[in-house]
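Below is one structure; the comments refer to it alone.
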Amino acid sequence: MLYTETLNKNKDFLFLYRKGKSVVGRYAVIYVRPNKKPYNRLGITAGKKVGNAVHRNRAKRIIRQAYRENEKDIPLGLDIVIVARASICGVKSGVISEWLAKSVKTAAFGGSEK
RNA sequence: UGAGCAGACUAUGCGGCAGCGGGAACGUUUUAGUUUACGAGGAAAGUCCGGGCAUCACAGAGCAGGAUAACUGCUAACGGCAGCCGAAGGCGACUUCAGGGCAAGUGCAACAGAAAUAUACCGCCCGUUUUUACGGGUAAGGGUGGAAAGGCGAGGUAAGAGCUCACCGGAAUACAUGAGAGUGUAUUGCCGUGUAAACCCUAUCCGAUGCAACGUCUAUUGGUACUUUUAAGUCAACACCUGCUCGGUGGAUUUAAGAGUAAUGACGGCUUGAGCUUUGGGGCGACUCAAAGCCUAGAUAAAUUGCCGCACACGACAGAACCCGGCUUAUCGGUCUGGUCACAAA
RNA sequence: CUGGGUGUGGCGCAGAUGGUAGCGCGCUACCUUGGGGUGGUAGAGGCCGUGGGUUCAAGUCCCGUCACUCAGA
């Protein structure tokens with residue numbers, strides 16, 4: 001991933017859940033917030049509700065793949081957290097990719113403020 | 001041909017494009033980059049046992065506590081496995097078993113029943129007698145119960161009773177046999193049910209903590225915690241080693257001053273190992289010995305994927321996290337091997 | 001990684017060393033009131049998370065398993 005670091009501190013996740021803009025979809029929820037840095041930071045959450053370890057790993061893989069495909073269209077300088085939901089399991093990656101492309105932009109330029 | 005038993009193996013395959021993880025090589029001041037081979041399981045799961053490894057100063061003795069339970073072996077070890085004994089089930093191949101000791105001691109056995117671990121309600125027999133009660137003997141018969149005086153038949157007796165005898169079940173002793181559990185034979189009337197997954201007894205085993213162990217390097221703040229040195233005071237007891245006792249080690253603690261360390265982050269621990277494959281030898285087998293060859297995940301918000309095409313049986317359960325040996329549980333199916341029973345044919 | 005705890009009517013909980021499973025709230029019907037509440041009487045509702053085992057007999061004892069939950073590093 002060209003312009004992206006991973007987000008791995010529990011503190012940062014909690015900060016985004018409280019202060020970030022959110023977009024809710026059928027397969028996942030996206031939280032976004034500007035971070036005033038020249039690169040993006042991405043965090044992916046797949047909780048216990050998604051399923052067992054195999055399903056959680058698949059959810060994370062698909063989301064990461066979708067992000068990679070759309071990376072060029074996403075503006076720089078954002079913290080992004082994507083939380084997988086249970087219905088992501090039986091879905092092909094193309095659907096997620098399409099959905100992500102739309103949702104990130106709406107989140108970045110005017111998602112519902114919390 | 002059908003049914004059934006046991007064991008072993010496998011876990012969609014092939015191709016194209018894009019991508020991920022750490023390793024090696026090339027390259028670069030460094031970063032970026034290029035090439036190349038490799039990259040989840042039979043259960044990786046549950047964390048139920050056992051061991052390695054690391055630290056706790058020595059890793060001690062006894063009690064307590066916990067675990068296991070026929071026997072002989074295998075193993076680093078085990079609660080695992082193999083063989084074998086016994087019991088139960090199946091026509092059989094075969095399967096299942098917490099399978100030591102209630103005949104050491106203690107406890108418990110509701111309701112029913114006269115009586116539940118010691119007794120006489122009805123009945124049977126004897127005696128006394130006011131002929132309808134009292135005393136005594138008796139576990140053959142009745143009913144209750146999961147369990148009722150080892151079972152059953154004969155003798156015997158006032159009536160009965162292992163009181164005596166035959167057969168069967170158990171126990172003890174002796175002899176034979178086996179490595180042993182055991183098995184066989186003989187003798188002794190020696191014989192109050194069940195429960196130890198009730199307390200308990202017997203034998204064997206167990207020091208504690210877990211890779212967030214542990215080691216190395218390091219920023220900032222502050223005098224927080226720990227260690228240590230010196231000085232002063234107090235106490236002869238206190239702290240630690242496992243819950244207690246013995247035993248061992250250190251004298252212990254408070255205040256003041258000085259010195260050092262820890263936290264945070266990074267790296268190591270981390271994958272060459274009770275390793276895998278093949279061949280040969282030993283053993284009924286678990287397993288083991290020798291030789292040759294091989295290197296086969298090591299991540300840290302955590303890598304095996306996405307899309308397309310073809311084939312068919314249309315793809316189950318499921319993702320390493322210090323490492324091994326087991327156990328248990330989940331699982332769409334497929335293949336092979338060896339026994340068994342029934343039917344038919346030769 | 002390690003060690004505990006819980007599971008019982010709709011809800012919250014009892015059930016000491018095995019012997020016919022209860023309490024409070026709630027629910028249903030009736031009485032009381034002009035009506036409602038309160039109060040009173042009667043009643044329904046449970047294979048005790050699940051699969052085995054020990055025992056004459058298991059909610060209770062033992063083993064496996066599922067779910068939830070707590071503590072420590």
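A, B, ... follow the sequence lines: proteins, then strands. Residue 1 opens every chain.
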*Is the base of C:A21 syn or anti, if syn means a glycosidic angle within 90° of 0?*
anti
*asked:* Can you tell me how far apart NZ (A:K60) and NE2 (A:H55) are? Round to the nearest 0.5 Å.
replied: 14.0 Å
*Watson-Crick or G-U wobble partner of B:A176, both distances under 3.5 Å*: B:U183
*Mind checking who B:U138 pairs with, Watson-Crick or G-U wobble, both distances under 3.5 Å?*
B:G123
*Across all strands shown, which nucleotide pairs with B:C312 by Watson-Crick or G-U wobble geometry, both distances under 3.5 Å?*
B:G315
*To the nearest Å, give me how far apart CD1 (A:I44) and P (B:U300) are.*
15 Å
*Of all residues at least two apart in sequence or in a different chain, which pass the side chain to side chain contact (heavy atoms under 4.5 Å, CB included) check with A:I82?*
A:A28, A:I30, A:L42, A:I63, A:I80, A:L100
*Between B:A301 atom C1' and A:I82 atom CD1, what is the distance in whole Å?*
13 Å
_Rounded interatomic separation in angstrom, taking CD1 from A:I62 and C1' from B:C20_ = 15 Å
*Could you state the atom-to-atom distance from CZ of A:R56 to P of B:A40 in whole Å?*
21 Å
*B:U29: syn or anti, with syn meaning chi within 90° of zero?*
anti
*Given the C1' atoms of B:G46 and B:A330, what is the spacing between them in whole Å?*
10 Å
*Tell me, please, which residues at least two apart from A:V24 pass side chain to side chain contact (heavy atoms under 4.5 Å, CB included).*
A:V29, A:R85
*Just name whichever nucleotide pairs with B:C226, Watson-Crick or G-U, keeping both distances under 3.5 Å, else none.*
B:G260
*Could you give the distance separating B:A37 and B:C312 at their P atoms, to the nearest angstrom?*
33 Å
_B:C81 to B:A8 separation - P atoms, rounded to the nearest Å_ = 12 Å
_Pair assignment for C:C25, Watson-Crick or G-U wobble, requiring both distances under 3.5 Å_ = C:G10
*asked:* side chain to side chain contact (heavy atoms under 4.5 Å, CB included), that's the test. Do A:Y31 and A:V23 meet it? Break it down for me.
replied: CA-CA 7 Å; A:Y31 294 88; A:V23 174; over 6 Å; no
*With both distances under 3.5 angstrom, what nucleotide forms a Watson-Crick or G-U wobble pair with B:A44?*
none
*Taking the C1' atom of each, how far is B:C122 from B:C111, in whole Å?*
22 Å
_Is B:A290 syn or anti, taking syn as a glycosidic angle within 90° of 0?_
anti
Contact list (N/O, under 3.5 angstrom) for nucleotides 317-320 of chain B vs protein:
unit_1	atom_1	unit_2	atom_2	d
B:G319	OP2	A:A53	N	3.3

*Does C:G22 adopt a syn or an anti glycosidic conformation, taking syn as a chi angle within 90° of 0?*
anti
*asked:* Between C:C70 and B:G325, how many Å separate the two C1' atoms, rounded to a whole number?
replied: 33 Å
*Measure from CZ on A:R58 to P on B:A301 and round the result to the nearest Å.*
23 Å
_Any strand: nucleotide that pairs with B:C63 via Watson-Crick or wobble, under 3.5 Å_ = B:G243
_Whole-angstrom distance between B:U304 and B:G41, as gauged at atom P_ = 14 Å
_Nearest-angstrom distance, C1' atom, B:A286 to B:C84_ = 13 Å
*Pick the C1' atom in B:G189 and in B:G135, then give their distance to the nearest Å.*
33 Å
*When you check the glycosidic angle of B:U271, does it come out syn, meaning within 90° of 0, or anti?*
syn
*asked:* Using whole Å, what does the distance between atom P of nucleotide B:U305 and atom CD of A:Q65 come to?
replied: 12 Å
*Can you tell me the Watson-Crick or wobble partner of B:A116, both distances under 3.5 angstrom?*
none
